[in-house]
Q: 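The following block contains the structure, expressed as structure tokens.
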Amino acid sequence: MKTINIIEAKKYVDQQVRIGVWLTNKRSSGKIAFLQLRDGTAYFQGVIVKSEVGEEMFHEAKELRLEESFYVTGTIHEDSRSHFGYEIEISNLEKVGESEDYPITPKEHGVDFLMDHRHLWLRSKKQFAIMKIRNEMIRATYEFFNREGFIKIDAPILTGSAPEGTTELFHTKYFDRDAYLSQSGQLYEEAGAMAFNKVFSFGPTFRAEKSKTRRHLIEFWMIEPEMAFMHQEESLEVQEKYVAFLVQGVLDNCQYELKLLDRDPQVLERYTKLPYPRISYDEAIQMLQASGQFSGLKWGVDFGSPEETYLAEHFKLPVFVLNYPKAIKPFYMKPHPTRDDVVICADLLAPEGYGEIIGGSERATDTNYLIEQIKKAGLKQADYEWYLDLRRYGSVPHSGFGLGLERAITWITGQEHIRESIPFPRLLNRIYP
Ligand code: 4AD
Ligand code: MG
């Protein structure tokens with residue numbers, strides 16, 4: 001007899017198999033018990049009938065406790081009433097590990113309690129579905145960029161530079177020098193693009209953001225492609241193609257998980273159709289002002305969650321907002337050829353209230369311009385000499401962007417809060433577990 005995983009059940013209908021499982025819930029009458037089982041690959045039901053297994057085993061099944069681990073042996077049947085579609089009729093149970101007073105019970109728990117038990121909470125259905133979708137999006141990311149001819153160049157985590165500004169840096173000691181935890185791999189990817197043409201990084205990034213919102217993590221994962229000989233317009237095409245590919249990957253490979261999350265696949269289908277709309281920052285300001293919902297909103301401000309939500313909801317699609325004011329963007333962005341108040345950049349705003357999922361730009365190519373901007377940003381030129389070398393030796397037009405993985409997961413899975421899109425979230429007041 002074969003030992004299998006639950007996810008393989010459909011290949012074994014009407015056959016005897018053995019599966020290592022944990023108990024997630026149960027109910028029983030005098031004659032029959034229904035055990036809700038999981039093994040980390042899927043969730044399904046085990047049915048155990050007293051007249052088939054005898055008094056002793058039936059009693060053992062009825063007395064099983066939440067998250068006890070054991071092997072079940074039995075026959076797989078179709079079960080059209082469940083999301084999964086199959087169940088097991090149990091003929092034997094072998095206990096493996098005890099579990100006494102499992103803290104997460106089927107009743108409702110508060111978020112703080114669940115967060116304190118994140119190491120156990122990960123076992124529950126909703127968390128399972130989100131993490132499986134996260135995994136699919138990571139898989140699709142590698143497939144997409146490999147197919148498009150990118151190579152992965154890993155950026156360092158310990159750095160001496162601050163690409164996105166100095167206010168949100170995690171400071172640390174590097175022997176007798178100062179160092180920071182990376183807040184973006186971009187500058188290193190620019191060096192990579194000059195060496196390998198099309199590159200991407202995928203790694204953890206750190207921001208000491210004091211904001212406690214549904215969209216901010218202190219530690220998050222970012223995918224940062226960078227492309228040589230590429231202007232903004234072509235970069236936007238790569239961005240929308242990539243996002244549509246992520247959504248399509250989830251639709252193709254995560255139907256079970258979408259069902260567990262009650263996420264309507266038809267809503268996601270809409271996001272696979274390209275192109276996404278593009279509006280300028282100037283137009284966005286006009287739209288927001290005309291709506292009458294943002295009194296006092298003036299050209300020059302950065303958008304917050306309400307503005308981003310309004311703009312993307314207007315289109316009911318992801319929307320690119322182009323060319324923000326220079327004063328609110330980082331030093332490395334390419335200045336506009338005919339206006340000195342905006343830069344060549346774009347944010348991609350997700351619909352349904354999720355806001356910015358991508359930030360990107362064409363990069364400045366002029367050494368003197370960059371030196372000036374580095375000074376203006378309060379950074380030390382000496383720390384950026386290597387970056388300036390990229391302009392000194394064969395500077396070319398180049399563009400890149402960063403997609404926040406957890407922001408994209410939160411949107412695609414339709415969650416309320418970003419904290420459930422990463423296995424162990426780091427939040428303003430949380431570093432446990
Ligand atoms: O817009 P950001 O700050 O852009 C950069 O870091 C560029 N260097 C990227 C590049 O051009 N290579 O961040 C990029 C994305 C945001 O659009 C957002 O999705 C995500 O990273 N992000 C966060 N996600 C979770 N928590 C936070 N605190 C985040 N800050 C940014
Ligand atoms: Mg941004």
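Order of appearance sets the numbers: ligands from 1, and atoms from 1 within every ligand.
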Q: Is the distance from the Mg ion (ligand 2) to some N, O or S atom of E356 under 2.8 Å?
A: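 Here the distance criterion (N, O or S atom, under 2.8 Å) is met by E356, so yes.
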Q: If we count only N and O atoms by modelled type, under 3.5 Å, do the side chains of Y354 and Q415 hold a donor and an acceptor together?
A: no
Q: Among side-chain atoms of Y188 and S182, is any donor-acceptor pair under 3.5 angstrom?
A: no
Q: Taking 4.0 angstrom as the limit and counting only heavy atoms of R363, give me the atoms of ligand 1 inside it, by number and element.
A: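 What qualifies from ligand 1 is 10 (C), 11 (O), 12 (N).
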Q: If we ignore angles and hydrogens, is there a donor and acceptor under 3.5 Å between the side chains of S280 and D282?
A: no
Q: Considering non-hydrogen atoms of the protein only, which is the closest contact for atom 28 (N) of ligand 1, and what is the distance?
A: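 Of every protein heavy atom, E209 OE2, 2.7 Å lies nearest to atom 28 (N) of ligand 1.
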Q: Between R207, Q183, R215, flag the one that comes closest to atom 2 (P) of ligand 1 by a heavy atom.
A: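 Shortest heavy-atom distance from atom 2 (P) of ligand 1: R207.
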Q: Do the side-chain N and O atoms of R363 and S361 include a donor-acceptor pair separated by under 3.5 angstrom?
A: yes
Q: Which ligand 1 atoms are under 4.0 Å away from a heavy-atom of I358?
A: 17 (O)
Q: Would one find more than 12 heavy atoms of other residues, nucleotides or ligands at under 6.0 Å from atom CG of D178?
A: yes
Q: Going by atom types alone, do T205 and S184 pair a side-chain donor with an acceptor below 3.5 Å?
A: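 S184 and T205 do not have a side-chain donor-acceptor pair below 3.5 Å.
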Q: Considering heavy atoms of the protein only, find what lies nearest to atom 14 (C) of ligand 1 and give residue, atom and distance to 0.1 Å.
A: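 Checked against all protein heavy atoms, atom 14 (C) of ligand 1 sits closest to M222 SD, 3.4 Å.
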Q: Looking at E68 and K95, is any side-chain nitrogen of the basic one under 4.0 Å from a carboxylate oxygen of the acidic one?
A: yes
Q: Against ligand 1, does F206 come closer than 4.0 Å with any heavy atom?
A: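 False for this residue.
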Q: Looking only at side-chain N and O atoms, does E190 offer a donor or acceptor that is under 3.5 Å from a partner on H398?
A: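 Per modelled atom types, H398 and E190 side chains form a pair under 3.5 Å.
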Q: In the protein, which heavy atom is nearest to atom 19 (O) of ligand 1, and how far is it?
A: I357 O, 2.9 Å
Q: Decide whether Q45 and E87 meet the rule of one side-chain donor and one side-chain acceptor closer than 3.5 Å.
A: yes
Q: Looking only at N/O atoms, are H216 and ligand 1 under 3.5 Å apart anywhere?
A: no
Q: Which residue and non-hydrogen atom of the protein lie closest to atom 4 (O) of ligand 1, and at what distance in Å?
A: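 For atom 4 (O) of ligand 1, the nearest protein heavy atom is E164 OE1, 3.9 Å.
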Q: Which heavy atom of the protein is the closest neighbour of atom 15 (C) of ligand 1, given with residue, atom name and distance?
A: G402 O, 3.6 Å
Q: Should you measure from each heavy atom of S184, which atoms of ligand 1 turn up under 4.0 Å away?
A: 6 (O), 8 (N)
Q: Report, in ascending order of atom number, the atoms of ligand 1 lying under 4.0 Å from any heavy atom of G359.
A: 1 (O), 9 (C), 10 (C), 11 (O), 17 (O)
Q: Should F220 be counted as touching ligand 1, given the test is an N or O pair under 3.5 Å?
A: no
Q: Which atoms of ligand 1 have any heavy atom of Y332 under 4.0 Å away?
A: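 Matching atoms, with element in brackets: 7 (C), 8 (N).
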Q: At a 4.0 Å threshold, what atoms of ligand 1 neighbour a non-hydrogen atom of I418?
A: 25 (C)
Q: Considering non-hydrogen atoms of the protein only, which is the closest contact for atom 17 (O) of ligand 1, and what is the distance?
A: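 Result for atom 17 (O) of ligand 1: E356 OE2, 2.6 Å.
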Q: Looking at atom 18 (C) of ligand 1, what's its closest protein heavy atom, distance included?
A: R407 NH1, 3.5 Å
Q: For residues R263 and T413, is any side-chain donor paired with an opposing acceptor at under 3.5 Å?
A: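 Note: R263 and T413 side chains miss the donor-acceptor criterion.
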Q: What pair of heavy atoms forms the shortest contact from I328 to V301, and how long is it?
A: CD1-O, 3.8 Å
Q: Tell me which protein heavy atom sits closest to atom 12 (N) of ligand 1, plus the residue, atom name and distance to 0.1 Å.
A: E224 OE2, 2.7 Å
Q: Output yes when a side-chain donor or acceptor of Y281 lies under 3.5 Å from a complementary backbone atom of G300, and no otherwise.
A: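 It does hold such a pair.
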